[in-house]
Amino acid sequence: MTLEKQLINKCYYKTLTEGSGNEHPIKVLGELSILEQQKEVNDLSYIRFAQGEVYFENKDYETAIFKWGNIHNELMPWAQKNIADANFELEFLEIAEEYYKLVETDSDDLKVEVLLQLFSLYIQRDKLELAADSIKNAVDLNPDYPNVTDMARTFFEEQQDFASGVELAVAEATRTESLFWFEVLEEYVKDGHTTAIAPAYFRELLMTLYLVNQVRFESLVAALWESYKQNDLYFQWLKEINYLLLDINPRRSLNWQELSKQYKEAYLELMNGTYLIKDVSEYIPFHLTNWMKIATGSDSLAAASAVLAWNELFPLLMEDSVVSEAEGLVSQSYNSKRMGDIFLIFESIRKWANGKGLSIGERAESIIDELLDSNNFHLLVTGNEASRKASIVNGLLGKEMTAASITSTVLFKHDDQEEIHVITDQEEKRKLELDDFMQIAENEQTHICCKMPIPLLDKNKIALIDVPVLADQRKSKTAVIPYLYLADSLLFVLNSDSILTYKEIETAVKIRERVPELPIHFLLHNMEQSTNKLESSEWMEKTTSWIHTYFPNAKILSFSQFEEHTSQLEAFIQSIMNGYSLDEGSERKILYYSKQLIKLLPKKRLELENSIINTIKWNEEMITKLDGAVNQLRDTEEEKTQIIKRDYTKIVNKARQDLMTSIPDLLKDCAELIKEDTNLENIHVTLNEAMNKRINKHIDETVLPKLHEEIQIWIASSEGEFSDCWALLNETSVSFNQLYDEEKLSLACDFKVLDDWRRDLDRMTMRNVQLEKFDIIKGSASSQLFMKSAGKLLGAISQNKGTLQNKFKQSIKNKDYTKDAQSITNTFMQQFEFFGKTLERDITIFFTNPFDELNRAIEENQQEIRANEESLHDMRKNPEVYTDPLTLFELNIRQYEWMNHSDEKVVEYR
């Protein structure tokens with residue numbers, strides 16, 4: 001054992017006590033100490049250091065500390081470390097930390113030991129950051145030190161510090177080339193602990209791993225690839241892995257199955273229409289080059305086909321050597337005919353179009369949904385004569401469902417329940433009854449899906465397509481062509497007893513020229529029973545010969561209408577279906593519709609742009625109309641407010657005027673209450689009571705009934721004015737809702753205002769009113785003066801009492817009661833006048849909802865304009881957002897054609 005190992009394990013004392021037999025080390029060291037002291041020049045440091053170890057071993061930590069505290073030779077750094085260890089055991093952790101930090105040494109082992117002890121100490125003191133620093137420093141200082149990296153890994157995992165754990169694993173894997181550390185790192189990757197790390201960080205590591213173990217290299221690369229998907233660093237990863245593989249140039253002989261899968265999935269993702277060409281073209285050349293190198297099985301053909309497809313559209317991107325290699329791979333590959341690839345391409349196009357709001361129309365959507373039905377054989381029946389075709393279709397259906405007058409395309413399918421779907425470009429309507437089927441089917445713009453129990457179709461798994469006759473080529477072209485690509489086979493009904501049969505065959509030839517892959521078979525229908533069987537037979541042979549001249553593989557069935565032909569038809573159709581692959585048929589159909597979609601979508605994009613422009617114009621026009629309605633409503637509100645307030649004010653003013661006129665007369669009439677025997681001493685009290693009673697009675701019996709009557713008339717008139725407004729607003733809302741094509745506006749007014757008016761005015765005009773008492777006489781200075789004079793006269797001429805009463809009576813009659821009448825009138829009319837001041841607010845409440853509805857509609861139209869203008873701006877500013885994905889879809893299709901025609905010469909793309 002080396003000296004440092006002895007010092008680490010605190011067994012240095014054994015070198016001094018060796019050969020002492022069974023004597024206790026303390027005794028042996030004590031004797032050595034005595035002998036050393038007897039020397040003229042002595043050094044007790046070694047013995048004391050050894051004694052400290054023995055005391056430490058026997059848990060006498062204080063004595064050990066004392067011994068180690070007197071070391072002054074080269075063992076002093078170890079003694080300081082040991083003193084720290086002893087304090088650590090005594091749980092004097094702060095003191096221990098100070099001693100550990102005092103250690104200064106050139107020994108890497110001692111440094112690591114100190115760091116490991118500090119690591120343990122910091123964990124115990126819950127200073128985890130310092131603990132992490134200590135273990136990291138220990139690893140940096142000597143990663144080969146026993147257990148140091150394992151301790152670090154365990155600590156990082158316990159603390160969930162996976163950033164440090166990844167850093168440790170990368171460093172150790174690169175340094176040691178140990179598969180263990182690569183496996184640790186891969187687990188970290190799979191657990192998602194590396195997603196935020198730049199991919200370039202792993203370059204040296206992966207280079208090392210490739211040289212060490214290619215299987216583990218592929219596994220780790222696949223794990224990293226998965227971790228970076230759906231991540232902002234994904235494109236950095238693609239760039240990094242492609243540069244890496246270009247550098248290491250992996251051997252094709254190795255089976256890179258997982259890596260080939262990742263390359264394929266990444267390529268499909270780059271090509272799904274999400275990214276622009278300028279974004280993906282930076283990665284594609286290297287990506288495809290590497291994919292060809294590591295591709296396995298059918299992926300090799302996929303990679304090579306992708307190279308050729310890209311080279312056709314962008315010949316400057318791919319290197320000549322890579323293209324030559326791809327051509328070689330394609331020529332050597334087997335024609336796989338895999339429907340799944342074209343199906344994925346088709347679904348990508350469809351999904352992208354829907355995401356961009358590029359609607360292809362309900363009719364086209366229905367046809368596309370039907371072509372994805374691989375459970376039924378789609379048999380299309382057509383011809384040049386409607387009556388013959390209808391006869392055949394009805395025979396297959398087992399009932400009279402079609403006629404010569406029908407111009408729609410009808411898809412018949414078996415179902416236990418009867419229902420029809422009527423489909424136009426704009427909408428799809430579902431009807432449960434077949435009663436009006438014939439009437440609907442006469443609309444040539446309609447596509448109908450008719451489901452009902454049809455035994456023959458159910459038994460043979462057939463979907464029957466009945467298209468209009470082909471007599472009018474121009475008309476039938478748009479109606480029939482889409483269904484030619486939906487059909488698995490075409491049954492052409494010929495008039496076998498007509499000299500014009502060759503023209504019908506010519507029609508069939510034109511169909512074949514348009515859809516070469518579509519199998520065409522013929523049914524020779526003789527509707528007139530011929531009397532000359534020999535002549536009929538010769539004509540049939542001649543017709544059959546014509547057909548086979550142009551259609552050598554066509555099957556032909558001949559019969560007349562008088563023969564029992566249902567079983568013949570069924571057997572004939574079964575022979576057509578025999579050996580036909582629905583998968584291959586679906587592949588042909590989906591390929592066609594994929595190309596058609598790519599051609600159609602630019603037009604739909606232009607239609608979308610025009611639609612947005614029209615929508616903006618429409619919204620602007622609606623805002624103008626809505627603004628006009630708001631202004632009209634505001635004028636109506638002002639007009640009705642003036643009318644209603646004016647009429648109410650007239651009533652109030654008239655009532656005020658009547659009171660100002662009648663009250664003085666009532667008060668003057670109170671002079672009649674003064675009689676010859678009236679006691680004038682308290683006459684003012686008597687008169688005030690009488691006057692107040694007369695005023696209350698007059699208001700109660702005369703003013704209020706009249707006022708109530710006039711107000712009721714006013715309320716009825718106001719209700720009429722409001723009803724006129726509501727009728728106008730109702731017409732306005734109906735008009736706007738027709739323009740919106742939905743119940744968007746409800747310009748209802750708040751008629752509760754009238755109920756509130758009735759309640760308040762009924763309360764105010766209720767009889768038995770009690771006004772406050774007015775002090776009319778006492779409040780008059782002239783009457784007081786008269787009373788004083790009357791008092792003097794009373795004393796002077798008490799015998800002339802009648803004269804005095806008459807004079808007082810005249811005083812009451814001649815008094816000016818204008819101010820009293822005004823005061824009484826103001827008090828009574830105050831509530832009516834206050835009510836009048838609230839009318840404008842109440843009328844505003846009546847119109848609040850219509851104003852709110854109209855303004856809300858204006859705001860919604862403005863928001864839609866802003867959104868559409870923004871969309872239009874984006875469409876015009878970045879046209880490549882629409883054009884690039886279509887180009888990429890074209891590349892996908894072209895790649896598919898290369899793959900599935902690898903044993904044929906592929907025609908030029910452009």
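Since the structure is predicted, the reported quantities are computational estimates derived from the model, not experimental observations.
The line from NZ of K461 to CG of N375 is 8.0 Å long, rounded to the nearest 0.5 Å. With rounding to the nearest 0.5 angstrom, the OG1 atom of T636 is 5.5 Å from the CD atom of Q632. For the atom pair L854 CG and T732 OG1, the distance stands at 8.0 Å (nearest 0.5 Å). To the nearest 0.5 angstrom, I713 atom CD1 is 11.5 Å from S718 atom OG. Atom CG of D842 and atom OG1 of T848 lie 10.0 Å apart (nearest 0.5 Å). From D724, atom CG reaches atom CD of E719 across 11.0 Å, with rounding to the nearest 0.5 Å.
Although no hydrogens or angles enter the test, the distance criterion places a donor-acceptor pair under 3.5 Å between the side chain of R605 and the main chain of M875. Within the 3.5 Å criterion, the main-chain N or O of Y275 finds no donor-acceptor partner in the side chain of D279. H421 contributes no side-chain N or O that, together with a main-chain N or O of E419, makes up a donor-acceptor pair within less than 3.5 Å. Put simply, the side chain of D415 gets close to the backbone of Q417: a donor and an acceptor are under 3.5 Å apart. K589 contributes a side-chain N or O that, together with a main-chain N or O of L486, makes up a donor-acceptor pair within less than 3.5 Å. Within the 3.5 Å criterion, the main-chain N or O of A309 finds no donor-acceptor partner in the side chain of Q895. Without hydrogens or angle criteria, N631 side chain to D627 main chain gives a donor-acceptor distance under 3.5 Å. With hydrogens and angles disregarded, no donor-acceptor distance shorter than 3.5 Å links the side chain of S611 to the backbone of E607. Side chain of K595 to backbone of E890: no donor-acceptor contact under 3.5 angstrom is found. For N849 (side chain) and A748 (main-chain N/O), a donor-acceptor pair under 3.5 Å exists by modelled atom type.
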Inset, instruction - Under the ring pair (Phe, Tyr, Trp, His ring centres under 6.0 Å) rule, what do Y228 and F235 come out as? Steps first, then yes or no, please. - result: CA-CA 9 Å; Y228 283 120; F235 280 97; over 10 Å; no
Inset, instruction - Output, in order, the C-alpha distance, side-chain angles, deciding distance and verdict of side chain to side chain contact (heavy atoms under 4.5 Å, CB included) for V393 and M401. - result: CA-CA 8 Å; V393 171; M401 284 298 299; over 6 Å; no
Inset, instruction - Start with the C-alpha gap between R894 and E897, add the side-chain angles, then the distance that decides, and say whether salt bridge (Lys or Arg N to Asp or Glu O under 4.0 Å) holds. - result: CA-CA 5 Å; R894 193 55 177 162; E897 290 179 327; 3.0 Å; yes
Inset, instruction - Test R866 against E859 for salt bridge (Lys or Arg N to Asp or Glu O under 4.0 Å), laying out the working first. - result: CA-CA 10 Å; R866 288 192 292 269; E859 176 59 28; 3.2 Å; yes
Inset, instruction - Give the C-alpha distance, both sets of side-chain angles, the deciding distance and a yes or no for side chain to side chain contact (heavy atoms under 4.5 Å, CB included) between T382 and V493. - result: CA-CA 6 Å; T382 189; V493 181; over 6 Å; no
Inset, instruction - For ring pair (Phe, Tyr, Trp, His ring centres under 6.0 Å), just list the numbers for F346 and Y593, CA-CA rounded to whole Å, side-chain angles, deciding distance to a tenth of an Å, and then say yes or no. - result: CA-CA 8 Å; F346 179 76; Y593 276 99; 7.4 Å; no
Inset, instruction - Take E370 and I368 through the side chain to side chain contact (heavy atoms under 4.5 Å, CB included) test and state the conclusion after the steps. - result: CA-CA 5 Å; E370 188 61 33; I368 288 171; over 6 Å; no
Inset, instruction - Could you check S594 against Y896 for side chain to side chain contact (heavy atoms under 4.5 Å, CB included), going step by step and ending with a plain yes or no? - result: CA-CA 11 Å; S594 296; Y896 171 80; over 6 Å; no
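Residues L747 and N730 are not in side-chain contact: their nearest non-hydrogen atoms beyond the backbone lie 4.5 Å or more apart. The shortest side-chain heavy-atom distance between S489 and L380 does not fall under the 4.5 Å cut-off. The side-chain heavy atoms of L233 and T195, taken from C-beta on, include no pair separated by under 4.5 Å. Residues K356 and Y882 are in side-chain contact: their nearest non-hydrogen atoms beyond the backbone lie under 4.5 Å apart. Looking at heavy atoms from C-beta onward, V381 lies out of side-chain contact with V467 at the 4.5 angstrom threshold. Looking at I462 and F412, their side chains never come closer than 4.5 Å, going by heavy atoms from C-beta outward. Looking at T274 and E269, their side chains never come closer than 4.5 Å, going by heavy atoms from C-beta outward. Residues K451 and I420 form no side-chain contact, since every pair of their non-hydrogen atoms from C-beta on lies 4.5 Å or further apart.
The local environment of CD in E742 is crowded, with over 12 non-hydrogen atoms from other residues, nucleotides or ligands closer than 6.0 Å. Summarising the local packing, CH2 of W618 is surrounded by more than 12 heavy atoms from other residues, nucleotides or ligands at distances under 6.0 Å. Crowding of E362 atom CD: a count of heavy atoms from other residues, nucleotides or ligands under 6.0 Å exceeding 12. The environment of K351 atom NZ is sparse: at most 12 non-hydrogen atoms of other residues, nucleotides or ligands sit within 6.0 angstrom. Counting heavy atoms of neighbouring residues, nucleotides and ligands inside a 6.0 Å radius, atom CG of D635 exceeds 12 of them. The environment of NZ in K399 is crowded: more than 12 heavy-atom neighbours from other residues, nucleotides or ligands sit within 6.0 Å.
N861 and Y740 share a side-chain donor-acceptor pair at under 3.5 Å. A donor-acceptor pair shorter than 3.5 Å cannot be found between the side chains of Q642 and E638. If you check the side chains of N272 and W352, you find no donor sitting under 3.5 Å from an acceptor.
Residues A508 and I520 approach most closely at O-CD1, 3.8 Å, considering heavy atoms. When all heavy atoms are compared, the tightest approach of L396 to L464 is CD1-CD1, 3.9 Å. The minimum heavy-atom distance between E365 and N354, with the atom names listed, is OE2-OD1, 4.0 Å. Closest approach of E637 to F851, counting heavy atoms only: OE1-CE1, 3.1 Å. Smallest separation of non-hydrogen atoms from I616 and E869: CD1-CG, 3.7 Å. Of all the heavy atoms in F736 and A629, the pair that sits closest is CE1-CB, 3.9 Å.
Taking 4.0 Å as the cut-off between side-chain N and carboxylate O, K752 and D755 do not count as a salt-bridged pair. Between K877 and D874 there is no salt bridge, since no side-chain N of the basic residue sits under 4.0 Å from a carboxylate O of the acidic one. Taking a cutoff of 4.0 Å between a charged side-chain nitrogen and a carboxylate oxygen, K625 and E620 do not qualify as a salt bridge. E853 and R856 are joined by a salt bridge, as a carboxylate oxygen and a charged side-chain nitrogen come within less than 4.0 angstrom of each other.
Figure legend: K229 and Y234 shown without cation-pi pairing, the cationic atom not lying both under 6.0 angstrom from the six-membered ring centre and within 45 degrees of its axis.
Relative ring orientation between W757 and F835 is described as perpendicular, the plane-to-plane angle rising above 60° on a 0-90° scale split at 30° and 60°.
Aromatic rings of Y483 and H447 (six-membered ring for Trp) have centroids within the 6.0 Å cut-off, being under it.
Legend: residues meeting side-chain contact (heavy atoms from CB on, under 4.5 Å) with D884, ordered by chain and number and at least two apart, are L276, I277, E880.
Between E721 and the options K640, K645, R646, a salt bridge (Lys or Arg N to Asp or Glu O under 4.0 Å) holds for only K640.
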